[in-house]
Amino acid sequence: MAQLLYYQCKKLMPEGPSILILHEVLKPFKGKKVISASGYAKIDYKRLKGKTITDLKTWGKHTLICFKDFTVRIHLLMFGSYLVNKTKKINPKLSLHFTKDDVNFYMSDVKFIDEPLDDIYDWSADIMNKKWSAAKAKKKLSEHPKMMVCDALLDQDIFAGSGNIIKNETLFRSRIHPESLVSSLPPAKLSALLKEVSKYAFDFLKWKKEGTLGKHFQAYEQKECPRCRIPLHKRLTGKGKRQSYFCENCQAKYSSKLKAQG
DNA sequence: GTGAATGTTAACAG
DNA sequence: CCTGTTAACATTCA
């Protein structure tokens, strides 16, 4: 655990790939006993005292610290962060104290899960899980024909782990306008999208580890289309009103009227 | 100093 | 009851 004595992560970008990095940081604590826990999360800290971590899992943006009969779920939300064997000036939301190490989570949503994880998580929805299923995502999309793809790519029940960066980069790379309707996508386009979202998430992970994530943005926070060399549009899109960066020229908008109502 | 944002949900209004 | 808006979150940065 020596390499974890000092671990700092400033810009988290807490989408699925960053949570996998956190998972790697926490992995050495599997089998370790929590001596005590503290923080300002409104949870029963006594419950963690003396308990051994049986497993560490992730589902989308959820970090899951498993114990024999329950799980601690941590969500970094927008601004969450974590430190191992180091503290910030602000109080941690949750600190886990081990014999030799401390793990601190800041500005996170922390809660206990009492149900078996398999009962509440659809692992096939996680775009970075081994069980990720494009076929199941396709089926879920077919149940929401009027949904815009920009909203679909942020829907955690369909694409768990995808966030606004993954949304924008996936749409740019598969050349789909964010306001396209899911039911209007030609089958080949839909397949390309389903493939790209998972592929880009793993590229994100690789680039994040290298520290080159931003250098590889093609649309997110970009001013100009790298293909057309014309200005990119930046606008809030979809029901979720989240920022989209897109090229009107090379990202086709599929929004032909739905036959009857799909 | 200001504003915007990688995300989610409770609370509230209509 | 359903839908949409707002605020909140010991943040960080351009």
Side-chain angles (χ1 to χ4, degrees), chain A residues 8-23 25 38-43 58-64 72-83 86-95 103-113 120-122 125-128 144 146-148 150-173 178 197 200-224 232-246:
Chain A
Q8 185 161 23
C9 203
K10 264 200 174 164
K11 261 203 156 189
L12 256 302
M13 302 292 191
E15 301 189 18
S18 300
I19 303 310
L20 281 192
I21 293 173
L22 170 55
H23 182 241
V25 170
S38 56
Y40 71 92
K42 292 188 182 76
I43 57 167
T58 66
W59 179 83
K61 299 164 191 164
H62 297 202
T63 299
L64 303 163
V72 174
R73 191 206 80 172
I74 294 166
H75 198 306
L76 299 180
L77 297 173
M78 190 91 92
F79 316 126
S81 61
Y82 56 90
L83 288 172
K86 198 170 186 313
T87 54
K88 296 189 180 191
K89 288 194 185 105
I90 58 172
N91 289 326
K93 185 81 180 240
L94 173 66
S95 291
V103 179
N104 302 307
F105 297 96
Y106 299 91
M107 213 358 281
S108 307
D109 184 40
V110 177
K111 64 166 147 185
F112 285 115
I113 295 176
I120 57 172
Y121 285 112
D122 173 5
D126 183 345
I127 60 172
M128 305 193 76
H144 303 281
K146 286 177 282 189
M147 192 184 250
M148 286 183 182
C150 58
D151 286 323
L153 281 167
L154 294 174
D155 186 323
Q156 300 300 296
D157 292 330
I158 308 175
F159 298 104
S162 173
N164 209 32
I165 296 172
I166 293 176
K167 175 198 84 177
N168 278 296
E169 292 298 308
T170 298
L171 289 173
F172 182 82
R173 285 153 207 260
V197 66
Y200 176 74
F202 282 100
D203 283 341
F204 181 131
L205 174 62
K206 181 178 69 187
W207 292 326
K208 182 88 171 65
K209 285 180 177 174
E210 287 176 1
T212 63
L213 179 65
K215 260 195 267 182
H216 289 89
F217 288 154
Q218 294 183 16
Y220 183 77
E221 289 182 332
Q222 302 308 294
K223 296 258 183 282
E224 174 183 275
L232 284 178
H233 286 246
K234 177 189 176 187
R235 182 152 57 75
L236 298 176
T237 62
K239 274 196 172 181
K241 294 192 173 67
R242 298 293 302 275
Q243 205 63 257
S244 285
Y245 299 81
F246 58 96

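Since the structure is predicted, the reported quantities are computational estimates derived from the model, not experimental observations.
Every ring pair (Phe, Tyr, Trp, His ring centres under 6.0 Å) that A:H62 has, sequence neighbours left out, goes to A:W59, A:H75, A:Y121.
Considering only the side chain of A:Y220, B:dA5 comes nearest among C:dT11, B:dA5, B:dT8. Among the nucleotides C:dT11, C:dA10, B:dT8, the one closest to the side chain of A:Y40 is C:dA10. Of the candidate nucleotides B:dA5, C:dA10, B:dG7, B:dA5 has the atom lying nearest to any side-chain atom of A:K234. Residue A:F79 places its side chain closer to C:dC9 than to any other of C:dA10, C:dC9, C:dG4. Minimum atom distance to the side chain of A:K241 is reached by C:dT5, of the listed C:dG4, C:dT5, B:dG7.
With contacts defined as side-chain heavy-atom distances shorter than 4.5 Å, the pair A:D109/A:I74 does not qualify.
C:dC9 atom C1' lies 4 Å from atom CE of A:M107, rounded to whole Å. Atom pair A:E15:CD and B:dG7:P shows a separation of 5 Å (rounding to whole Å applied). A:K88 places its NZ atom 4 Å from the P atom of C:dT12, with the value rounded to the nearest Å.
Between A:R173 and A:E169 there is a salt bridge, since at least one side-chain N of the basic residue sits less than 4.0 Å from a carboxylate O of the acidic one.
Taking the six-membered ring where the residue is Trp, A:Y220 and A:Y245 present perpendicular rings, their angle passing 60° and hence far from 30°.
Taking side-chain N and O atoms only, A:Q243 has no distance below 4.0 Å to OP1 or OP2 of B:dA4. The phosphate of B:dG7 has OP1 or OP2 within less than 4.0 Å of a side-chain N or O from A:R242.
Here A:N164 lies in heavy-atom contact (under 4.0 Å) with sugar-phosphate atoms only.
Checking A:K61 against A:S18 by side-chain atom types alone, no donor-acceptor pair falls below 3.5 Å.
Among residues at least two apart or in separate chains, there is no salt bridge (charged side-chain N to carboxylate O under 4.0 Å, His left out) pair with a member in residues 154-166 of chain A.
Stem list for DNA chain C (at least 3 consecutive Watson-Crick or G-U pairs, distances under 3.5 Å): B:2-5 with C:11-14, B:7-14 with C:2-9.
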